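Residue numbers begin at 1 in each chain, while the letters A, B, ... track the order of the sequences. All values reported here derive from a predicted model rather than from experimental measurement.
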Amino acid sequence: MDFLNLLARLADLDSTAAAPQPAGARRAALGRLGQAGTALLPGLLLGALSQPATAGTLDTRTRLDVLLLVRQLAALGNELHSRALGLVPGYTALPLTAAEKTGIQVIREQEVQRVALVSQLITDGGATLPAAPRYDFTGSQNGARAALYPDIQTNPDTYLLVAQVLKDAAVRVYKTQVEFVRADIYLSELLLRSHTVEARHASHLRTLRRQRGATVKSWISPDDAPVGTTGTAVARVYAGESNSVQAYSAADNGALTSVPFNSTLPINVATPPLSPEAILRKVAEAFDEPANAVVATDVAALFTY
Amino acid sequence: MSNIKQNASEEAEFAKPLYTPIKRRSFFMYAGATAGATALLLSGCDDDENTNVVPNDGTISLGSGDVGVLNYAYALEQLEAAFYAQVKATPAIDFADVEKNYFNQVAAHEAIHRDFFKAAITRDAPNQIIPTLTAADLNFSSIDFTKRASVLGAAKAFEDLGVAAYNGAGKYIKKADYLVIAGKIVSVEARHAAYVRDLISNGSFANEEVVDSMGLDKAMEPVEVITAASGYLKVKLDASKVGK
């Protein structure tokens with residue numbers, strides 16, 4: 001609700017503050033990436049904060065921030081899957097079936113491609129790639145605290161769960177990041193096209209888990225078994241996903257209206273009619289909800305030290 | 001057992017072809033007083049002002065600007081929903097249980113997407129919404145609904161096309177709210193696409209047919225998408241002004 005308004009506002013601000021790019025001015029746009037972090041941010045912050053509704057929950061990102069985030073998540077995924085497949089020295093391959101390995105290899109390969117593409121864009125734009133982080137997928141921060149997933153390097157169920165959470169987080173977070181690169185058509189489309197690949201990966205990982213007996217659909221559903229203790233970074237990946245209210249507004253910054261799925265829409269033509277609850281559970285499945293970048297970076301932080 | 005039966009009947013409702021128009025009065029009552037007032041104004045407009053007049057050759061213009069994009073999405077969701085409704089009404093004889101289950105669930109999602117767009121356009125641009133596509137407007141003659149392989153192949157084609165359509169239309173959407181909405185829907189379509197691909201051939205969820213060597217999914221222009229979908233349509237759709 002307010003969130004949608006915020007996005008709308010940020011998009012407007014972005015296009016004015018960053019000066020609209022003519023289509024095809026990709027290099028020029030990327031050339032500004034390096035400075036964008038300092039030049040763009042204050043304008044966005046001041047503009048957005050002047051709107052009372054947005055105070056407190058602000059998430060602003062430059063193009064560079066977005067590319068770095070995409071790279072961070074793809075690199076993390078690459079390392080997770082590479083270790084699971086036994087491609088990293090010191091890590092024994094998980095006992096996955098041949099069919100499972102085939103699919104995971106596809107995911108890993110596309111993570112590698114994503115890292116390469118985004119790294120190229122970042123360096124072409126004059127920015128520097130961050131040093132490779134150190135990973136510990138048990139979540140123990142290299143023994144500094146109790147492990148969250150102690151058997152991740154031996155138990156395929158644990159590994160697939162973590163892999164699914166990371167993908168679902170990426171799918172949610174990409175949706176909000178598109179807003180911050182809208183002035184650049186090339187980057188917008190790159191993000192959209194990466195976003196649906198992330199969703200394909202998430203779907204496949206969920207299917208693999210279901211085939212191994214987990215209660216999970218290939219899409220995010222209120223019927224999925226919970227994956228983490230409420231309030232933890234992992235559980236927050238699914239916070240709000242059961243939302244069954246879809247709102248839209250007729251005018252920019254206009255009042256938002258909820259689509260009355262459970263009452264007056266023709267979807268409910270049965271006799272006797274479906275219960276509103278039954279419809280809304282399906283509505284929740286039919287839409288993936290956006291989430292701020294912090295949802296993904298919090299999960300990434302569990303496995304990085 | 002009773003639970004299972006109840007579920008089955010729940011699923012069945014989504015499969016019905018829904019040609020009932022939205023009851024505008026109750027819709028706007030729900031939308032609240034301000035919206036209601038606007039609605040009265042808008043419903044006072046003469047029908048002649050509808051910009052989507054069907055010309056003599058029967059071509060339906062999807063319109064221009066953001067409304068064009070919404071109509072475009074609405075047309076595709078109508079097509080998908082009608083396909084899934086047909087599969088549910090006459091499931092293939094050789095479906096495995098997981099396949100029948102897939103179609104039951106996705107039929108609901110697609111009907112919800114279709115109705116969402118109908119509601120959104122009816123509210124935002126009531127004079128520019130394209131007509132409901134009826135059975136006479138669709139052409140599923142190339143699909144053998146009795147055969148699992150034919151139906152799964154068609155589902156794959158619809159879902160992949162939907163993903164490429166939303167990916168290619170993103171740049172034409174001006175209003176941020178609409179882009180968010182498209183993003184909420186397209187990832188569910190991609191999840192469907194991946195799963196139906198895995199049903200056909202395990203591990204093909206993101207193969208080279210749909211994901212290129214840079215790890216990017218397809219994006220198609222509205223006109224290309226409508227051309228690709230034209231085999232399933234008797235009515236002609238004009239997407240040339242979508243987003244413009």
Side-chain angles (χ1 to χ4, degrees), chain A residues 4 7-8 10-12 99 102-103 106-107 110-111 113-114 117 171 175 178-179 182 185 188-190 192-204 207 217-219 246 248-250 252 255 257 259-261 263-270 274 278 282-283 285-290, chain B residues 9-10 12-14 16 18 20-23 26-27 30-32 34-35 38 105 108-109 111-113 115-116 119-120 123-124 163 166-168 170-171 175-177 179-181 183-188 190-195 198 202-203 205-207 210-211 213-219:
Chain A
L4 284 180
L7 290 179
L10 285 175
D12 290 345
T102 306
V106 171
I107 294 175
Q110 290 170 353
E111 303 276 27
Q113 290 163 349
R114 177 114 51 250
L117 176 61
V171 170
K175 291 182 207 309
V178 179
E179 287 304 318
R182 280 193 74 192
I185 288 178
S188 302
E189 196 155 294
L190 182 141
L192 291 173
R193 294 170 65 190
S194 304
H195 166 245
T196 52
V197 173
E198 296 298 302
R200 286 178 188 270
H201 293 175
S203 172
H204 183 70
T207 303
K217 296 186 177 183
S218 299
W219 35 87
Q246 297 299 335
Y248 55 88
S249 66
D252 283 331
T257 303
V259 177
F261 285 111
S263 52
T264 51
L265 280 190
I267 195 166
N268 202 354
V269 293
L274 267 190
K282 298 194 184 300
V283 170
E285 287 183 359
F287 297 86
D288 279 343
E289 298 300 317
Chain B
S9 78
E10 276 182 12
E13 298 172 37
F14 290 100
K16 295 191 179 173
L18 299 170
T20 349
I22 294 177
K23 287 185 185 126
S26 48
F27 177 77
Y30 190 100
T34 319
T38 319
Q105 298 194 53
H109 300 164
I112 288 165
H113 293 165
D115 286 0
F116 173 80
R123 162 72 200 279
D124 288 5
V163 169
Y166 280 104
N167 281 347
K171 61 179 171 288
K175 201 146 97 70
D177 287 5
L179 187 62
V180 171
I181 282 294
K184 288 177 174 208
I185 291 174
V186 68
S187 56
V188 176
R191 290 171 187 272
H192 293 163
Y195 184 45
D198 279 343
N202 194 15
F205 57 99
N207 72 9
V210 282
V211 179
S213 61
M214 292 192 296
L216 300 176
D217 218 320
K218 282 195 189 318

Minimum side-chain heavy-atom gap B/Leu216-A/Leu117 below 4.5 Å: yes
Correct closest heavy-atom pair for A/Glu179 and B/Ala176 would be OE1-CB, 3.6 Å
With a 4.5 angstrom heavy-atom cut-off, is it the side chain or the backbone of A/His204 that approaches chain B, or both, or neither? both
Chain B shares the most heavy-atom pairs under 4.5 Å, among A/Ala99, A/Ala286, A/Ala202, A/Ala199, with A/Ala286
Examine whether an atom of A/Thr102 lies under 4.5 Å from a heavy atom of chain B, and if so say whether it belongs to the side chain, the backbone or both; otherwise answer neither. neither
Heavy-atom cut-off 4.5 Å, strictly under: side chain, backbone, both or neither for A/Glu285 against chain B? both
Measure the spacing between NZ of B/Lys184 and CZ of A/Phe287 and express it to the nearest 0.5 Å. 7.5 Å
To the nearest 0.5 Å, tell me how far A/Trp219 CH2 sits from B/His109 NE2. 6.0 Å
Flag, side chain of A/Arg200 to backbone of B/Ala190, donor-acceptor distance under 3.5 Å: no
Using a cut-off of under 4.5 Å on heavy-atom pairs, state which of A/Glu198, A/Arg114, A/Glu111 scores highest against chain B. A/Arg114
Top residue by heavy-atom pair count (under 4.5 Å) with chain A, among B/Gly203, B/Gly183, B/Gly170? B/Gly183
Judged by atom type as modelled, is there a donor-acceptor pair below 3.5 Å linking the side chain of A/Gln110 to the main-chain atoms of B/Ala206? yes
Which atoms form the tightest heavy-atom contact between A/Ser218 and B/Arg191, and what is the distance? O-NH1, 3.6 Å
Can you say whether A/Ser188 sits under 4.5 Å from chain B via the side chain, the backbone, both, or neither, judging by heavy atoms? neither
pair A/Arg193-B/Met214: side-chain heavy atoms closer than 4.5 Å: no
Can you find a heavy atom in the side chain of A/Ile107 that is under 4.5 Å from one in the side chain of B/Phe205? yes
Tell me which of these, B/Asp198, B/Asn202, B/Ile185, B/Asn207, has more heavy-atom pairs under 4.5 Å with chain A than the rest. B/Asp198
Select one option (side chain, backbone, both, neither) describing which atoms of A/Val197 are under 4.5 Å from chain B's heavy atoms. both
Distance col, row B/Asn167:CG vs A/Leu190:CG, nearest 0.5 angstrom, shows 11.0 Å
Rounding to 0.5 Å, atoms OG (B/Ser213) and CD (A/Gln113) come to a distance of 6.5 Å
